[in-house]
Protein chains: 2
Amino acid sequence: MKYIEKLRNSGLRPTKQRLQICEVLFDTEKTFHFTINDLANKIKKQLNNKISLATIYNTVHAFEKKGYLKQIPINSNQTYFDTNVSDHHHFYDLKEEKLIDLENSDVGPINILKKINGKKIKSVEVLVKLED
Amino acid sequence: MKYIEKLRNSGLRPTKQRLQICEVLFDTEKTFHFTINDLANKIKKQLNNKISLATIYNTVHAFEKKGYLKQIPINSNQTYFDTNVSDHHHFYDLKEEKLIDLENSDVGPINILKKINGKKIKSVEVLVKLED
DNA sequence: ACACTTTTTTAGAACCATTATAAAGTAGAT
DNA sequence: ATCTACTTTATAATGGTTCTAAAAAAGTGT
């Protein structure tokens with residue numbers, strides 16, 4: 001299994017559940033956005049066995065901490081995650097309530113001129129809201 | 001009262017509660033960021049009478065819909081609002097969990113090159129995460 | 001001022017995403 | 001195989017937000 005080493009290298013034991021969640025998240029041609037609820041449904045459809053909701057939460061947070069997933073900053077009652085961890089941005093279609101990737105090259109270079117003493121910039125995230 | 005007309009023009013009846021919330025939100029030298037919980041505490045401190053939490057939620061949402069407040073897109077268990085409704089952005093200090101305004105002039109012009117068919121850009125919001 | 005309609009406020013219940021708990025199961029090391 | 005630390009699990013608890021339905025207030029017409 002190709003994910004065993006990846007997990008072990010991160011200090012995460014390669015359990016059956018984690019490996020299966022890896023398959024659902026990363027064995028896809030395209031990256032995608034999801035909520036925990038989306039992911040739970042996807043897991044139920046794709047796998048024969050059940051994975052507890054608590055495990056899904058734990059695993060997603062563990063993967064996020066290790067940098068295999070990113071949270072998308074957006075106001076919603078649910079938290080959105082992205083399997084695309086490269087530096088990029090998002091459209092948010094307010095009507096359809098859907099996220100669309102915006103590659104870095106689709107957004108001109110962003111230059112933050114203001115500096116805060118003793119703080120470093122960790123990330124710059126752009127959310128472009130769309131209406132009809 | 002200076003807020004009576006403002007409310008009436010928006011189709012909101014100028015009730016005692018709404019006027020008092022206006023005072024707390026807009027009778028300040030500087031704009032500020034807040035959660036509903038922050039606002040409820042501020043109201044409790046500044047006013048003698050109690051305003052129901054449901055009313056605070058209703059009012060904040062009404063004001064947001066009318067454009068007197070803005071939601072700040074950030075992942076948190078609470079929703080953050082901003083009394084500064086001008087076009088601007090935010091730093092988010094991850095350690096202190098504090099928001100800092102970033103004026104539009106502090107961020108170079110942002111040019112979204114990608115277009116989505118039949119959709120217009122409603123807003124462009126930048127969140128700059130800070131670490132030590 | 002009064003009667004009438006519509007909007008607003010309110011306390012409390014309900015909702016629901018997320019987190020905590022604690023017991024059972026599993027992985028890895030010796 | 002045994003031991004220890006980590007992981008999974010079902011379920012309970014938490015907590016921000018929304019809903020409900022009754023009481024209060026605001027607006028309108030007379």
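We name chains A, B, ... by the order of the sequence lines, and we start the count at 1 in each one.
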Chemist: When B:Phe34 is tested against each of B:Phe81, B:Tyr80, B:Phe63 for ring-ring contact (aromatic ring centres under 6.0 Å, His included), which residue passes?
Modeler: B:Phe81

Chemist: Tell me: CG of B:Asn75 to C1' of C:dA17, nearest whole Å?
Modeler: 13 Å

Chemist: Consider side chain to side chain contact (heavy atoms under 4.5 Å, CB included). Of A:Ile43, A:Asn49, A:Thr59, which one does A:Gln20 pass it with?
Modeler: A:Asn49

Chemist: Indicate whether OP1 or OP2 belonging to D:dT8 is found under 4.0 Å from a side-chain N or O atom of A:Ser52.
Modeler: no

Chemist: Send over the distance from A:Lys50 NZ to D:dT9 P, rounded to a whole Å.
Modeler: 7 Å

Chemist: Keeping the roles fixed (side chain from B:Lys44, backbone from B:Leu39), state whether a donor-acceptor pair exists under 3.5 Å.
Modeler: no

Chemist: Between C1' on C:dT9 and CD1 on B:Ile21, what's the gap in Å once rounded to a whole number?
Modeler: 11 Å

Chemist: Between D:dT18 and B:Tyr57, is there an OP1 or OP2 to side-chain N/O distance shorter than 4.0 Å?
Modeler: no

Chemist: With the side chain of B:Leu53 defined as its heavy atoms from C-beta on, choose the nearest nucleotide among D:dG16, D:dT8, D:dT17.
Modeler: D:dT17

Chemist: With DNA chain D as reference, determine whether A:Arg18 or B:Ile36 sits nearer its 5' end, using the nearest nucleotide of each.
Modeler: A:Arg18

Chemist: On the six-membered ring of B:Phe91, is B:Lys98 placed so that its NZ or CZ lies under 6.0 angstrom from the centre and within 45° of the ring axis?
Modeler: no

Chemist: Using a 4.0 Å cut-off on protein heavy atoms (strictly under), produce a 5'-to-3' string for nucleotides 20-30 of chain D with B for base contact, S for backbone-only sugar-phosphate contact, and - for none.
Modeler: ------BS---

Chemist: What is the separation between atom CG on A:Leu7 and atom C1' on D:dC6, rounded to the nearest whole Å?
Modeler: 14 Å

Chemist: Atom CG of B:Asn37 and atom P of D:dT17: how far apart are they, to the nearest Å?
Modeler: 9 Å

Chemist: Ignoring backbone atoms, test whether B:Thr79 places a side-chain nitrogen or oxygen under 4.0 Å from the OP1 or OP2 oxygen of D:dG16.
Modeler: no

Chemist: Would you say B:Ser86 and B:Asn84 are linked by a side-chain donor-acceptor pair, where the criterion is simply a distance under 3.5 Å?
Modeler: yes

Chemist: Taking atom C1' of D:dA13 as reference, at what distance in whole Å does atom CG of B:Asn77 sit?
Modeler: 15 Å

Chemist: Reading DNA chain D from 5' onward, which residue's closest nucleotide shows up sooner: B:Gln78 or A:Asn49?
Modeler: A:Asn49

Chemist: Measure from CD on B:Glu64 to P on D:dT17 and round the result to the nearest Å.
Modeler: 12 Å

Chemist: Taking the side chain as C-beta and beyond, is there a heavy-atom pair between A:His33 and A:His90 under 4.5 Å?
Modeler: yes

Chemist: What's the CD1-P distance between A:Ile74 and C:dA17, to the nearest Å?
Modeler: 16 Å

Chemist: Check whether any side-chain N or O of A:His61 sits under 4.0 Å from OP1 or OP2 of C:dT18, and answer yes or no.
Modeler: no

Chemist: Please answer whether the main-chain N or O of B:Glu103 pairs with a side-chain N or O of B:His88 as donor and acceptor at a distance below 3.5 Å.
Modeler: no

